[in-house]
Amino acid sequence: MTELNFSERVYEQVCRIPRGSVATYGQIAALAGNPRNARVVGYALHSNPKPGIIPCHRVVFRDGSLAPGFAFGGPERQRELLEAEGISFIPPKDNESKPAGADGWLVDLARCQWKA
DNA sequence: CACCTGACCGTGG
DNA sequence: ACCACGGCCAGGT
């Protein structure tokens with residue numbers, strides 16, 4: 001029943017992310033008990049069995065970029081939500097090409113990454 | 001029942 | 001510093 005524990009674990013951790021902070025898939029995976037299982041973390045969230053109670057928008061990439069395409073309604077939508085929560089965002093630099101998945105906006109993990 | 005893909009991450013060349 | 005590949009786990013077809 002590892003899968004049930006794992007998925008539930010992921011949801012638990014994600015729900016535990018304090019407002020104004022963000023966590024990475026790897027971090028959630030590590031908290032779930034499998035640091036290499038970051039992939040399944042994304043699966044669990046994509047599955048999103050409990051929409052509305054799981055702040056998936058607080059989960060970002062290791063690079064600080066938001067999830068591509070999927071978004072729960074749009075990458076910019078996620079940016080608005082995170083920004084509304086008090087998350088610090090770093091606008092894309094024209095000179096510095098950053099691998100931004102969403103809008104090019106990166107979350108300031110150095111400031112907002114949730115510390116378990 | 002077996003195969004394949006997938007919201008990722010880390011390391012090597 | 002950048003590009004590429006592999007690995008791990010779970011869920012769906």
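Scope of the values below: all heavy atoms of this structure, side chains included, with no hydrogens, waters or symmetry mates. Note on naming: letters A, B, ... go to the chains in the order of the sequence lines (proteins, then strands), and numbering restarts at 1 for each one.
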I need the CG-P distance between A/D63 and B/dC9, as an integer number of Å.
7 Å

Side chains of A/I90 and A/V107, heavy atoms from C-beta outward: is any pair under 4.5 Å?
no

Is there a side-chain contact between A/L106 and A/F89 (heavy atoms, below 4.5 Å)?
no

Return the nearest nucleotide to the side chain of A/S7; candidates are B/dC8, C/dG11, C/dC9.
C/dG11

Out of C/dC9, B/dG6, B/dG10, which nucleotide sits closest to the side chain of A/N34?
C/dC9

Among C/dC9, B/dC8, B/dT5, the nucleotide that comes nearest once only the side chain of A/N37 is considered:
C/dC9

Among the nucleotides B/dT5, C/dC9, B/dC8, which one has an atom lying closest to any side-chain atom of A/F61?
B/dC8

Between A/R58 and A/I17, is there a donor-acceptor pair closer than 3.5 Å when you use the side chain of the first and the backbone of the second?
yes

Write down the distance between CG (A/L45) and C1' (C/dG11), rounded to a whole number of angstrom.
14 Å

Scanning both residues in full, the closest heavy-atom pair of A/F61 with A/T24 reads O-CG2, 3.5 Å

Using a heavy-atom cut-off of under 4.0 Å over every strand shown, decide if A/R36 touches base, sugar-phosphate, or nothing.
base

Listed nucleotide nearest any side-chain atom of A/R62, set C/dG11, B/dG10, C/dC8:
B/dG10

Please report, rounded to the nearest Å, how far the P atom of C/dA10 is from the CZ atom of A/R9.
14 Å

Value in whole Å for how far the P atom of C/dC9 lies from CD1 of A/I28
18 Å

Round to a whole Å and report the spacing from CG of A/N5 to P of C/dA10.
11 Å

Can you check the A/Y25 OH to C/dG7 C1' distance for me, whole Å?
19 Å

